[in-house]
Structures are given as structure tokens and as C-alpha cells.
Amino acid sequence: QGYLICSSVIISWQLSHFDTISTWTLLIMLGLYDLCAVLTPCGPLRALVNLMSDEDSPEMPGLLYEAEIPEGLKRPVMGGRNG
């Protein structure tokens, strides 16, 4: 969590050097990209879900921000397949 706080402070400090219009434009564009990346069927979140549903996919690639996987946790079965 400390990393996220430090990176947020650095980004906000860098954005404070831009003029107001540029800062708001960047923030709005970042928000729109984030909405598209999460909500569209061709976004990176959908690609990650498709990767998880493959039979030969690595163990739990969805835990991108998790330092270690808890003991006994297995990859979920997608689409009601037997496994």
C-alpha cells in the first residue's frame, strides 16, 4: 500500500505543474480509458478473464496485485466445466 501512496503523490505532484485545462483533460481521458478497459468486451479485463478460462492457463493469473497465493487456493472452473 505504501507503493500506491508514493506513486499517487508523485503523479499528483507532476500534475500540479500543468495548467488546469491540461490536468483536467488528462484526468478525464484516464477515466474514460479506464471505463473502456473494464467495461468493453475487447478490453484488457475481458482478455484476462479469457486467459483464466483456458485449460492450459497458468495458476491464478488474475491475482496480479497479490504477493502470494494462499495455501489450498485453486484456479476457478469457468463455464461449468468439470475439472
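Heads up: numbering here begins at 1 and tracks the sequence.
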**OP:** Can you see which heavy atom on T25 is nearest to which on I21, and at what distance?
**Re:** OG1-O, 2.7 Å
Original post:
Do the side chains of L30 and I28 join up, straight or via other hydrophobic residues, at under 4.5 Å, putting them in one cluster?
Top reply: no
**OP:** Work out which heavy atom in A37 is nearest to a heavy atom in P44; give both atom names and the distance.
**Re:** O-CD, 3.4 Å
Subject >> Y33 reachable from L35 in the ILVMFWY side-chain graph, under 4.5 Å edges >> reply: no
Original post:
So if you build clusters from Ile, Leu, Val, Met, Phe, Trp, Tyr with side-chain heavy-atom gaps below 4.5 Å, do L27 and I11 land together?
Top reply: yes
Original post:
Which atom names give the shortest non-hydrogen contact between T23 and L15, and what distance separates them?
Top reply: OG1-O, 3.2 Å
